[in-house]
Colleague: 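Here's a structure for you.
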Amino acid sequence: MLVQELMTRNPVTIAHDTSVPDALRLMREKKVRRLPVLDSHGRLVGIVSDKDLLHAEPSPATTLAVWEIPELLGKLKVEKVMTRDVITITEQTPLEEAARIMADSKIGGLPVMQGANLVGIITETDVFKVLLELLGGRRKGVRIAVAVPAVKGELAKITTAIFEAGGNIVGIGMKGILGSYGDTAEVVLKVQDVSQDKLVEALRQVVNEIMDVREI
């Protein structure tokens, strides 16, 4: 799955010389939390988040008079509070790479570029939606989490056991765990067309431990 399949095309943008209050109003109107910032030639020069804008407002401890604050903020431009060193990706970036960049850089969104042109934006919300689909979060069935040795062939054993029990896998996720007795992995599956008891019975023969099971 590539970024181009999930990104928001033609994202809402803002000019570098827009005032902070106007930027906040635009975010609230468009229901977005970050805006790519463009210069007068339409080139990407920064990105600004709602936190950046809110932190730009005077604190309650300010010595300014109440009537002075709106005037001050009205003069403060987005270019003064935006992030200038923007991390970007391309449309062909794999989704998991985009997610890794966001997690490692502690940011919530990435502008998507095609050469020098801004063509989209992908956010943590887009990644959450995919995670929901991968784990079968929108499908009813039996959710089961199992622990297996982190070695080649273990996943094949699980899927074969589920198939032979008549089950249909509609969601799957896997993560590695460093256990007391070596490397193990936790596999989470959402399975339809088989009862919880029959699924447990089938998997008990091929996994180290059934960590959790429930119908949802």
Side-chain angles (χ1 to χ4, degrees), residues 1-57 73-139 155 159 169-176 185-190:
M1 191 174 295
L2 302 179
V3 163
Q4 65 182 1
E5 301 172 51
L6 297 160
M7 70 183 190
T8 299
R9 297 183 181 274
N10 302 315
V12 181
T13 62
I14 197 164
H16 67 102
D17 57 355
T18 303
S19 70
V20 166
D22 285 345
L24 278 170
R25 278 193 290 272
L26 180 62
M27 282 188 180
R28 289 163 183 160
E29 177 187 332
K30 300 297 184 179
K31 297 181 180 179
V32 296
R33 297 177 57 190
R34 56 193 56 81
L35 294 168
V37 183
L38 308 181
D39 66 11
S40 56
H41 301 287
R43 295 174 299 200
L44 182 71
V45 292
I47 190 167
V48 67
S49 70
D50 53 353
K51 290 183 179 178
D52 296 328
L53 298 175
L54 292 171
H55 287 166
E57 295 186 354
L73 286 176
K75 294 178 180 178
L76 182 61
K77 306 302 181 182
V78 165
E79 62 187 354
K80 297 297 184 181
V81 298
M82 70 184 186
T83 297
R84 293 181 178 275
D85 297 326
V86 188
I87 302 173
T88 64
I89 53 175
T90 71
E91 296 173 284
Q92 298 300 311
T93 303
L95 179 64
E96 63 271 23
E97 176 66 7
R100 183 197 63 77
I101 292 171
M102 282 191 272
D104 290 351
S105 304
K106 298 181 181 179
I107 53 178
L110 293 166
V112 184
M113 307 296 291
Q114 189 178 78
N117 299 318
L118 175 71
V119 294
I121 190 169
I122 190 164
T123 70
E124 56 193 1
T125 300
D126 299 316
V127 175
F128 291 154
K129 288 178 180 177
V130 173
L131 179 63
L132 183 65
E133 291 298 319
L134 290 175
L135 294 178
R138 297 190 185 280
R139 303 176 181 91
L155 189 58
T159 56
I169 300 171
V170 295
I172 186 169
M174 185 174 181
K175 72 172 184 177
E186 178 183 348
V187 181
V188 179
L189 304 113
K190 176 69 74 65

Colleague: Mind checking salt bridge (Lys or Arg N to Asp or Glu O under 4.0 Å) for Arg100 and listing every partner two or more places apart, or none if nothing turns up?
Modeller: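 Testing Arg100 for salt bridge (Lys or Arg N to Asp or Glu O under 4.0 Å), a comparison that skips the adjacent residues, returns Glu97, Asp104.
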Colleague: Rounded at 0.5 Å granularity, tell me how far CG in Leu131 sits from CG in Asp126.
Modeller: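 One gets 12.5 Å once the value is rounded to the nearest 0.5 Å.
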Colleague: Going from NE2 on His55 to OG on Ser49, what distance comes out if it is rounded to the nearest 0.5 angstrom?
Modeller: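 The NE2 atom of His55 sits 8.0 Å away from the OG atom of Ser49.
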Colleague: Can you find a heavy atom in the side chain of Val48 that is under 4.5 Å from one in the side chain of Met27?
Modeller: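 In short, these two side chains touch, coming nearer than 4.5 Å.
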Colleague: Show the nearest heavy-atom pair for residues Val188 and Glu186, with the distance to one decimal.
Modeller: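 Closest approach of Val188 to Glu186: CG2-OE2, 3.7 Å.
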Colleague: Of all heavy-atom pairs between Ile14 and Leu26, which one has the smallest distance, and what is that distance?
Modeller: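 Minimum heavy-atom separation between Ile14 and Leu26: CD1-CD2, 4.2 Å.
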Colleague: If you measure from OG1 on Thr13 to CG on Leu44, what distance do you get to the nearest 0.5 Å?
Modeller: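 Reported to 0.5 Å precision, the distance equals 9.5 Å.
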Colleague: Is any side-chain heavy atom of Glu79 less than 4.5 Å from a side-chain heavy atom of Val45?
Modeller: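 The answer is no, as the side chains (C-beta and beyond) never meet within the 4.5 Å cut-off.
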Colleague: Could you tell me which non-hydrogen atom of Gly120 sits nearest to which non-hydrogen atom of Pro11, and how far apart they are?
Modeller: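 Smallest interatomic distance, heavy atoms only, reads CA-CD, 3.6 Å.
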Colleague: Set out, in order, the CA-CA distance, both residues' side-chain angles and the distance that settles side chain to side chain contact (heavy atoms under 4.5 Å, CB included) for Leu35 and Val12, then state yes or no.
Modeller: CA-CA 6 Å; Leu35 294 168; Val12 181; 3.6 Å; yes
Colleague: Decide yes or no for Arg34 and Ile121: does some side-chain heavy atom of the first lie under 4.5 Å from some side-chain heavy atom of the second?
Modeller: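 Result yes, sub-4.5 Å side-chain heavy-atom pair found.
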Colleague: Which distance, rounded to the nearest 0.5 Å, do you find between the CG of Asp50 and the CZ of Arg28?
Modeller: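 It comes to 9.0 Å.
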Colleague: Just wondering, do Gln4 and Gln114 contact through their side chains at under 4.5 Å, heavy atoms?
Modeller: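 No, their side chains stay 4.5 Å or more apart.
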Colleague: For the residue pair Val130 and Val127, establish whether any side-chain heavy-atom pair is separated by less than 4.5 Å.
Modeller: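 They are not in side-chain contact.
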Colleague: Under the side-chain contact (heavy atoms from CB on, under 4.5 Å) rule, collect the residues that match up with Ser40, sequence neighbours excluded.
Modeller: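 Once residues adjacent in sequence are excluded, Ser40 has no partner under the side-chain contact (heavy atoms from CB on, under 4.5 Å) criterion.
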Colleague: Heavy-atom distance under 4.5 Å between the side chains of Arg138 and Leu132, does that happen here?
Modeller: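 Yes; the side chains approach each other to less than 4.5 Å.
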Colleague: Find out whether Ile122 and Leu95 are in side-chain contact, i.e. whether some heavy atom of one side chain is under 4.5 Å from a heavy atom of the other.
Modeller: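 With C-beta onward as the side chain, the pair touches.
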Colleague: Given 3.5 Å as the limit, does a donor-acceptor pair link the side chain of Ser19 with the main chain of Asp22, or not?
Modeller: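 Looks like yes, one N/O pair under 3.5 Å.
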Colleague: Atom CD1 in Ile89, atom CE in Met113: separation rounded to 0.5 Å?
Modeller: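 The CE atom of Met113 is 11.0 Å from CD1 of Ile89, to the nearest 0.5 Å.
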Colleague: May I ask you to test the Glu133-Met1 pair for a side-chain heavy-atom distance under 4.5 Å?
Modeller: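 Of all side-chain heavy-atom pairs linking Met1 with Glu133, none is under 4.5 Å.
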Colleague: How close do Leu118 and Pro36 get, counting heavy atoms only, and between which atoms?
Modeller: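 So the minimum-distance heavy-atom pair works out to CD2-CB, 3.7 Å.
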Colleague: Of the non-hydrogen atoms in Val119 and Met7, which two are nearest, and what is the gap between them?
Modeller: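 The answer is O-CE, 3.9 Å.
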Colleague: Is a donor on one side and an acceptor on the other found under 3.5 Å between the side chain of Lys190 and the backbone of Arg139?
Modeller: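 The answer is yes, because a donor-acceptor pair under 3.5 Å joins these two groups.
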Colleague: Assess the residue pair Lys77 and Asp17 against the criterion (salt bridge (charged side-chain N to carboxylate O under 4.0 Å, His left out)); give the C-alpha distance rounded to whole Å, side-chain angles, the decisive distance to 0.1 Å, and a yes or no.
Modeller: CA-CA 5 Å; Lys77 306 302 181 182; Asp17 57 355; over 6 Å; no
Colleague: How long is the span from the CE atom in Met82 to the CD1 atom in Ile47, to the nearest 0.5 Å?
Modeller: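 It is 11.0 Å, given to the nearest 0.5 Å.
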Colleague: Might you point out which heavy atoms bring Leu110 and Ala98 nearest each other, and give the distance in Å?
Modeller: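 Heavy atoms of Leu110 and Ala98 come nearest at CD1-O, 3.7 Å.
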